[in-house]
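Comments concern the structure below.
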Amino acid sequence: MIELLVVIAVIAILAALLLPVLSSAKSKAKRTTCLNNLKQIDYGVQMYAGDSNDRMPAGKVAHVPLAMSFKELMKNYVGLKAASSTQDRLFACPADTFYYDYATKFHPGYWVGFVPQSVCAQSNSDYSSYKFNAGNLQLGSFRGTNFPRSGIAGQTMSSIKHPARTVLVAELPAFIPYSWHLPKRPFSKVNSIFNDSMDMVSFVDGHVGYIKMYWKTMRPADSLAMDYDPPAGYDYQWSGN
């Protein structure tokens with residue numbers, strides 16, 4: 001009996017040591033898949049621009065937000081011909097398992113809350129985990145007033161002054177920001193978005209990075225990460241300037 005208990009204790013100790021390692025390896029594998037997805041999507045957007053007089057997507061698809069409409073415009077460049085669906089694995093980040101539903105109109109502090117579903121499973125995202133840097137096509141809202149957002153939709157690739165720093169396409173949480181890869185728990189209104197969240201981002205020059213996103217730590221209804229370029233110390237910008 002004593003020997004059996006010793007064996008059980010050893011197994012329990014080994015399991016406790018191995019589980020974090022296995023969890024870390026699984027998370028890294030998800031990030032690698034997401035990185036490869038974004039590289040292909042980035043290349044597809046660049047091919048679209050090459051056939052559009054060097055101009056990046058700037059269209060609108062019915063019932064789909066502007067920043068998600070890019071998928072319909074460029075998906076044939078990555079081998080997708082049929083209507084968008086949940087089968088479009090290239091546009092599905094494996095870490096995309098939840099999102100936060102929030103009000104689009106100004107309403108300080110208002111969040112509908114944590115939704116345990118994938119963004120890429122929703123028709124209003126055009127079945128995509130990824131979003132195009134198209135904030136310049138829409139207005140932001142701050143304490144009841146509107147302001148222009150940063151973004152590069154409709155601009156020419158050659159007009160981007162810092163292609164290695166300028167975001168082209170990124171995971172949806174990068175724009176808000178929160179993180180699918182390192183979320184804050186417990187999932188709550190307080191933890192829903194936060195400064196220095198880690199997200200996967202592709203850039204105009206074609207490279208992809210797993211980087212931290214800046215947020216001014218204001219109420220969610222007041223400010224999103226995409227509303228401004230970050231200060232020094234961050235490896236990206238939203239504007240093409």
>> Looking at Leu224, is its backbone amide N or carbonyl O close enough to the side chain of Asp227 to form a donor-acceptor pair, meaning the two atoms are under 3.5 Å apart?
In response: yes
> Side chains of Asp126 and Ser128: do they bring a donor and an acceptor to under 3.5 Å?
Replying inline: no
> Quick check: does any side chain N or O of Glu171 sit under 3.5 Å from a backbone N or O of Pro173, one acting as donor and the other as acceptor?
Replying inline: no
> Does NZ or CZ of Lys75 come closer than 6.0 Å to the centre of the six-membered ring of Phe91, within 45° of the ring's axis?
Replying inline: no
>> Determine whether a donor-acceptor pair (N or O, by modelled atom type, separation under 3.5 Å) exists between the side chain of Asn76 and the backbone of Lys81.
In response: no
>> Any side-chain to backbone donor/acceptor pair from Ser52 onto Asp54? Under 3.5 Å, distance only.
In response: no
>> Measuring from atom CG of Asn37 to atom OG1 of Thr32, what distance do you get when rounded to the nearest 0.5 angstrom?
In response: 11.0 Å
> Below 6.0 angstrom between ring centroids: does that apply to Tyr178 and Phe98?
Replying inline: yes
> Under 3.5 Å, side chain of Asn133 to main-chain N/O of Val167, donor-acceptor pair present?
Replying inline: yes
> Do the side chain of Lys131 and the main chain of Phe175 share a donor and acceptor less than 3.5 angstrom apart?
Replying inline: no
> Does any N or O in the side chain of Ser85 come within less than 3.5 Å of the main-chain N or O of Gln87, such that one atom is a donor and the other an acceptor?
Replying inline: yes
> Just checking, any donor-acceptor pair under 3.5 angstrom between side chains of Tyr100 and Asn191?
Replying inline: no
> Do Gln40 and Asn36 have a side chain donor and acceptor closer than 3.5 Å?
Replying inline: no
>> Check the orientation of Phe203 and His207. Use parallel for under 30°, tilted for 30 to 60°, and perpendicular for over 60°.
In response: parallel
